[in-house]
There are 2 protein chains.
Amino acid sequence: MESKPNPLAAFEAACRKAGLKVTQQRLEIYRELFAATDHPTAEVLHHRLREKLPTISLDTVYRTLATLASHGLINRVETAESLSRFEVTRTPHHHLICRECGGIVDFNWPLIERVKLPEEIGSWGTIDRKSVVIYGICDGCSGSRKGRKGASGTRK
Amino acid sequence: MESKPNPLAAFEAACRKAGLKVTQQRLEIYRELFAATDHPTAEVLHHRLREKLPTISLDTVYRTLATLASHGLINRVETAESLSRFEVTRTPHHHLICRECGGIVDFNWPLIERVKLPEEIGSWGTIDRKSVVIYGICDGCSGSRKGRKGASGTRK
DNA sequence: CTTGATGCAAATAGTTTGCAGGCTC
DNA sequence: GAGCCTGCAAACTATTTGCATCAAG
């Protein structure tokens with residue numbers, strides 16, 4: 001409600017409203033995900049979190065991500081790999097995914113909201129969210145000599 | 001049925017061209033996937049295939065799907081669940097996914113090809129494929145009384 | 001205090017892989 | 001006949017769950 005959009009405070013409020021307890025782990029997980037731009041996996045997130053919360057367990061990260069996602073506070077990003085990636089729910093946006101390094105980058109495409117959807121969709125059900133995923137090869141991978149791990153790639 | 005290009009024959013040709021051997025399992029897997037409209041998982045496909053090929057193993061299904069996908073003959077559909085779903089590569093199309101039953105339905109949206117992409121994408125890399133995923137609740141789930149398993153839902 | 005959240009470890013589930021025999025080419 | 005493909009079983013990896021303990025409300 002403040003003019004100052006403190007995301008952490010907003011998150012706390014959202015938790016309370018949802019009946020979720022505000023724990024240090026949840027705050028840190030959210031803070032970390034909020035700061036991230038690379039759509040980390042649970043494991044990656046866990047690794048980063050251990051710097052601040054050395055005792056946090058991977059299970060808690062998984063559990064918290066699932067909880068927050070079910071409350072719409074974060075999104076599970078679809079990737080075609082067998083890995084779930086997450087992001088904080090922000091304004092509508094879309095994703096660029098590199099086939100090479102698996103990196104995911106956001107982009108905005110407001111124009112698409114203007115495009116009329118096919119009629120047939122009306123008879124399918126109620127639309128909720130529209131997400132465009134564009135696949136390709138990022139410059140980091142194709143431009144450079146060999147298959148480099150792109151800026152935001154996540155390779156083991 | 002005849003006058004049209006026989007998809008199975010085309011598939012065989014594609015396999016040969018790719019240096020893949022044409023085995024009965026591959027033919028049946030492709031045929032089954034071609035006939036399917038519900039983007040089955042490997043396991044679902046395996047179950048269906050056993051009617052015709054009682055001895056086919058789940059591993060073969062997985063392996064074949066991976067092989068065909070790597071040759072672009074089929075697509076792995078991104079779903080946000082932790083399940084991979086597949087479809088035969090056809091003309092460009094998009095997906096409607098029901099949050100309730102998980103059912104996936106195709107739709108065409110040729111208009112989208114006309115919409116100019118944001119400039120920023122040019123500096124990211126080379127675009128390959130554009131895929132729109134629309135989430136919502138299908139009529140089968142919202143319209144009816146309780147959470148029905150939609151026509152093409154895949155619940156265990 | 002009461003209830004829900006965390007950590008730890010063990011359990012699952014989907015998917016992948018090694019190996020020996022079979023079937024395409 | 002040579003090599004790729006299949007089936008079987010065992011291995012992996014990501015993710016989930018049971019339970020005792022601990023912290024938030």
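The analysis underlying the following values was restricted to heavy atoms, covering all of them including side chains, and did not include hydrogens, waters or symmetry mates.
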*Which residue, Arg63(A) or Gln25(B), contacts DNA chain D at a nucleotide closer to its 5' end, judged by nearest heavy atom?*
Gln25(B)

*Nearest to side-chain heavy atoms of Thr60(A), which nucleotide of dC5(D), dT6(C), dT15(C)*: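 Of the candidates, dT6(C) comes closest.
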
_So if I take every side-chain heavy atom of Ile56(B) and compare against dT6(C), dG7(D), dA9(D), which nucleotide ends up nearest?_
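Nucleotide nearest to Ile56(B)'s side chain: dG7(D).
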
OP1 or OP2 of [N] under 4.0 Å from side-chain N/O of [X]:
X: Thr55(B); N: dG7(D); value: yes
X: Tyr62(B); N: dT15(C); value: yes
X: Ser57(A); N: dG7(C); value: yes

Atom pair distance, as rounded to whole Å: [atom1] in [X] and [atom2] in [N]:
X: Glu43(B); N: dT16(C); atom1: CD; atom2: C1'; result: 14 Å
X: Ile29(A); N: dA5(C); atom1: CD1; atom2: P; result: 12 Å
X: His46(B); N: dT6(D); atom1: NE2; atom2: C1'; result: 12 Å
X: Glu28(A); N: dA5(C); atom1: CD; atom2: P; result: 18 Å
X: Leu68(A); N: dA5(C); atom1: CG; atom2: P; result: 11 Å
X: Asp59(B); N: dG21(C); atom1: CG; atom2: C1'; result: 15 Å
X: Leu58(A); N: dC8(C); atom1: CG; atom2: C1'; result: 12 Å
X: Arg26(A); N: dC22(D); atom1: CZ; atom2: C1'; result: 14 Å

*Do Arg76(A) and Ser84(A) pass the side chain to side chain donor-acceptor pair (under 3.5 Å) test, and can you show the C-alpha distance, the side-chain angles, and the key distance before you say yes or no?*
CA-CA 6 Å; Arg76(A) 192 183 284 259; Ser84(A) 293; 3.0 Å; yes

_Smallest separation among heavy atoms of Thr126(A) and Trp124(A), with atom names_ =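 The pair with the smallest heavy-atom distance is O-CZ3, 4.3 Å.
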
*Any side-chain donor-acceptor pair under 3.5 Å between Asp106(B) and His95(B)?*
yes

*How about Thr67(A) and Ser70(A): does a side-chain donor come under 3.5 Å of a side-chain acceptor?*
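No, Ser70(A) and Thr67(A) have no side-chain donor paired with an acceptor closer than 3.5 Å.
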
*Would you find more than 12 non-hydrogen atoms of other residues, nucleotides or ligands less than 6.0 Å from His47(A) atom NE2?*
no

*Heavy-atom count around Glu120(B) CD within 6.0 Å, excluding the residue itself: above 12?*
yes

Is there any protein nitrogen or oxygen under 3.5 Å from a nitrogen or oxygen in nucleotides 22-24 of chain C, and what are the pairs?
residue : atom : partner  : partner atom : Å
dT24(C) : O2   : Lys21(B) : NZ           : 3.2

_Side-chain heavy-atom pair Leu68(A), Phe11(A) within 4.5 angstrom cut-off_ =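 Yes. Closest side-chain heavy atoms under 4.5 Å.
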
*Would you indicate what Thr67(A) reaches in the nucleic acid, counting non-hydrogen atoms under 4.0 angstrom: base, sugar-phosphate, or nothing?*
nothing

